[in-house]
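Accompanying notes for the structure given below.
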Amino acid sequence: MPFTLLLGSEAPDFSLRATDGSTYSLKDFTDVKVLVIFFTCNHCPYVIGSDEVPRQTVENFEPKGVNFVGINSNSPNTYEEDSFENMVSYSV
């Protein structure tokens with residue numbers, strides 16, 4: 001699978017545990033009109049430095065019916081900061 005999808009491509013399915021304790025897959029969002037999937041992590045200084053941008057984007061567009069899913073694209077085997085437990089504490 002390529003690391004970059006072409007514009008207009010369908011998102012590949014996923015099944016991931018969320019910070020709210022639930023597990024979600026792409027099919028859980030089939031009834032939403034607009035879904036934005038963004039990739040993030042806890043250790044990257046660029047991500048940390050721009051955290052406010054996605055937060056403001058969600059606040060601006062969620063009331064308009066846009067749904068957002070954030071996926072941590074890194075491994076806790078490489079960066080402990082990206083472990084599930086750290087994602088949960090970071091999201092609070």
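Under the side chain to side chain contact (heavy atoms under 4.5 Å, CB included) criterion, Asn60 pairs with no residue, sequence neighbours left out. Legend: residues meeting side chain to side chain contact (heavy atoms under 4.5 Å, CB included) with Thr78, ordered by chain and number and at least two apart, are Ser75.
Both Leu35 and Phe14 are part of a single hydrophobic cluster, where members link through side-chain heavy atoms under 4.5 Å apart. Each of Val36 and Leu16 belongs to its own hydrophobic cluster when Ile, Leu, Val, Met, Phe, Trp and Tyr are linked at side-chain heavy-atom distances under 4.5 angstrom.
Counting side-chain heavy-atom gaps under 4.5 Å among Ile, Leu, Val, Met, Phe, Trp and Tyr, Leu6 is found in no cluster with other residues.
Sequence neighbours left out, not one pair with a member in residues 15-31 passes salt bridge (charged side-chain N to carboxylate O under 4.0 Å, His left out). Applying the ring pair (Phe, Tyr, Trp, His ring centres under 6.0 Å) test to pairs two or more places apart or on separate chains, those with a residue in residues 26-54 are Tyr24-Phe29, His43-Tyr79. Contacts classified as salt bridge (charged side-chain N to carboxylate O under 4.0 Å, His left out) and involving residues 54-66 (residues at least two apart or in different chains) are given here: Glu52-Arg55.
Leu26 has its side chain within reach of Ile37: a pair of non-hydrogen atoms, C-beta onward, lies under 4.5 Å apart. Side-chain atoms of Thr57 and Phe68, non-hydrogen and from C-beta on, do get closer than 4.5 Å to each other.
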